[in-house]
Amino acid sequence: EEMAGLRAPRCADAMVEEMEKAVDSHMGSCQIELFKIIRRHTGKASAAGGKLACVYKTTADGEHVLDERGEKVIVRGNGVLAEVENQERRINSTREIDTTALTDLLEWVGKPEITEGKPLKELIGWTEFERALRKQKLGKGVGCDGFDAYLLRRADIEVQRLYHTVLSEAVLGETLPEEWNTWIALLAMKPGEHPADLGRRRDLWLQCHGSKLLMRMLLADYNRAAEGWVPASQAGFTTHRNAPEQSLVARLAVEQAMLERTCVLRGYIDYSCYFMSIVHAVQWEVERSVGVRPEVTAVVRTLREGLAELDMPPLKGRFETAHGLTDLVDIMQGLGQGCLLSPSRANMTLAIAQRAVSRLCGGFTFRADGRDVPQLYYADDGALLAGGGNVGEATATLQLAFECTWLVSQILGLKMSIKGKRKTAWCGTYWSGGLELDISGWEIRLPNGDLVPQLRADEMNKYLGTELA
């Protein structure tokens, strides 16, 4: 024990020294290497996540492991990198949308109350820059240029003012650094998903810190526009709102139905890769319609689609695996989880579907104030509500809400995901003879014919982390 006590500090020092070398050599792509070092020095085996994308190709010979299905899969690095790159190129390719249908839809759902925002020059002024810089924290992953804005936060005021001057001139003169249009993605596993299904991974993007400072300053204009457009049924990324309030409302609907001995139905909406599936053309049109200042959208558009006349390339990404970074892949759509603007921009687009449902569907009537609540959302996790004394009418209301959500999603280029009973699904109960019974004899289908699975008896759907029967 005494010898072990003497060895422990030396082991910790060696681990820290090795980690410091890894940070210096890998810059913004060191996370996996750091975890390998920690696990090695703590006597643990390699993390399962270290074999990211090792299940993407079957092979008859050579080095292999068995996946969950018992199939031989390649583990050699070059094959893994190539397959990840191919998969991500497919996932991030853009979708075609009907711009006329989108314009008509925006007119139909109604115009927001637009308040005039600050001009771009004021949004990126010195006071706003100082406020953005103060929020920069120690230890945040850096982008491909290796610049850590926390160092700028700790620098002298003269250095900060010089950086702000250069940044302002670059933004107003449309001469933004090329490096800002290269992102690095960490592909995080979601619980219960197969490792080979890249479409179900959560891609977390590392951006250059200079770009993040700029996005934080522009966020004020996006929040201003979203405030007058996003419905109250959206609690995600909204000041003084949270997920538990939505779970509470869903449970209160069940409790009211129990007290009144009426029926209650819920439909759960799941979008496949919501943040990265938003089409640029849709987003620009939405921002124009809801009152984001044109010069602000222009800056963000340059950092997505590039600017050919100034040789600014469009956005590209590299994906980190245990075998290193992939080659550059075109990112032709999506907002990017990790971008500070993404939550507000995502709410703007999803608000179109929410407004359409509110116009067409009655929802569940709460007796407390007599209002109908047709839906609850936290970010892209949605719950449709219906109820009342008549099971047939309530089911028809939920069917209409599903149809409306699906149709609007099609126009926006979004995809609702049905995967067993864990994603998009519905449930409904009514009371008879003092017993709560599952609704039977009814089914709900999307307009394309897909059957929405029904949850029955003790089957649960985890909505915002809370299991709801």
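No hydrogens, no waters, no symmetry mates; every other heavy atom, side chains included, goes into these values.
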May I ask you to check whether W205 and F319 place their ring centres under 6.0 Å from each other?
yes
Rounded distance (nearest 0.5 Å) linking atom [atom1] of [X] with atom [atom2] of [Y]:
| X | Y | atom1 | atom2 | answer |
| --- | --- | --- | --- | --- |
| I184 | L328 | CD1 | CG | 9.5 Å |
| E436 | C263 | CD | SG | 11.0 Å |
| C339 | M215 | SG | CE | 6.0 Å |
| I418 | I269 | CD1 | CD1 | 9.0 Å |
| L102 | I97 | CG | CD1 | 5.0 Å |
| C404 | L384 | SG | CG | 9.5 Å |

Does any non-hydrogen side-chain atom of [Y] lie less than 4.5 Å from one of [X]?
| X | Y | value |
| --- | --- | --- |
| R293 | L120 | no |
| M217 | L167 | yes |
| W183 | I331 | no |
| V264 | M258 | no |
| L303 | M312 | yes |
| H209 | V142 | yes |
| T349 | Q283 | yes |
| P177 | D145 | no |

So which heavy atom on [X] is nearest to which on [Y], and how close?
| X | Y | answer |
| --- | --- | --- |
| Q333 | M276 | NE2-O, 3.3 Å |
| L213 | A149 | CD1-CB, 4.1 Å |
| L335 | R304 | O-NH2, 4.0 Å |
| A346 | F275 | CB-CE2, 3.9 Å |
| N347 | G236 | ND2-O, 2.9 Å |
| L350 | A379 | CD2-O, 3.1 Å |

Would you check if the side chain of [X] reaches a backbone N or O of [Y] as a donor-acceptor pair within less than 3.5 Å?
| X | Y | answer |
| --- | --- | --- |
| R318 | T326 | yes |
| R224 | K118 | no |
| Q256 | R367 | yes |
| R241 | A232 | yes |
| D330 | M332 | no |
| R345 | Y222 | no |
| Q337 | L204 | no |
| Q454 | I439 | yes |
| S342 | G336 | yes |
| T182 | K316 | no |

Let me have the donor-acceptor pairs involving side chains of residues 352-365, under 3.5 Å, with sequence neighbours excluded, atom names and distances please.
| from | atom 1 | to | atom 2 | distance (Å) |
| --- | --- | --- | --- | --- |
| Q354 | NE2 | S233 | OG | 2.8 |
| R355 | NE | W229 | O | 3.0 |
| R355 | NH2 | W229 | O | 3.0 |
| S358 | OG | Q354 | O | 3.1 |
| S358 | OG | Q375 | NE2 | 3.0 |
| R359 | NH1 | W108 | O | 2.2 |
| T365 | OG1 | D372 | OD1 | 2.4 |

Decide yes or no on side chain to side chain contact (heavy atoms under 4.5 Å, CB included) for S272 and K423, but give the supporting numbers first.
CA-CA 10 Å; S272 179; K423 303 300 177 183; over 6 Å; no
Please evaluate residues Y378 and E245 with respect to the criterion side chain to side chain donor-acceptor pair (under 3.5 Å), reporting the C-alpha separation (whole Å), side-chain torsions for both, the decisive distance (0.1 Å), and the verdict.
CA-CA 10 Å; Y378 186 85; E245 71 170 79; over 6 Å; no
Where do V171 and L176 land on the side chain to side chain contact (heavy atoms under 4.5 Å, CB included) test, with the steps shown first?
CA-CA 6 Å; V171 173; L176 299 171; 3.9 Å; yes
Taking everything shown except K111 itself, do over 12 heavy atoms lie less than 6.0 Å from its NZ?
yes
Would you call the rings of Y271 and Y274 parallel, tilted or perpendicular, taking 30° and 60° as the class edges?
tilted
Partners of E122 by side chain to side chain donor-acceptor pair (under 3.5 Å), sequence neighbours excluded?
none
Step-by-step salt bridge (Lys or Arg N to Asp or Glu O under 4.0 Å) determination, R288 to E285
CA-CA 5 Å; R288 183 198 63 78; E285 183 61 25; 2.4 Å; yes
Full working for side chain to side chain contact (heavy atoms under 4.5 Å, CB included) between L341 and V300
CA-CA 9 Å; L341 300 181; V300 178; 3.7 Å; yes
Hey, mind stepping through V254 and R266 against side chain to side chain contact (heavy atoms under 4.5 Å, CB included) and telling me if it holds?
CA-CA 10 Å; V254 176; R266 295 188 299 270; 2.7 Å; yes
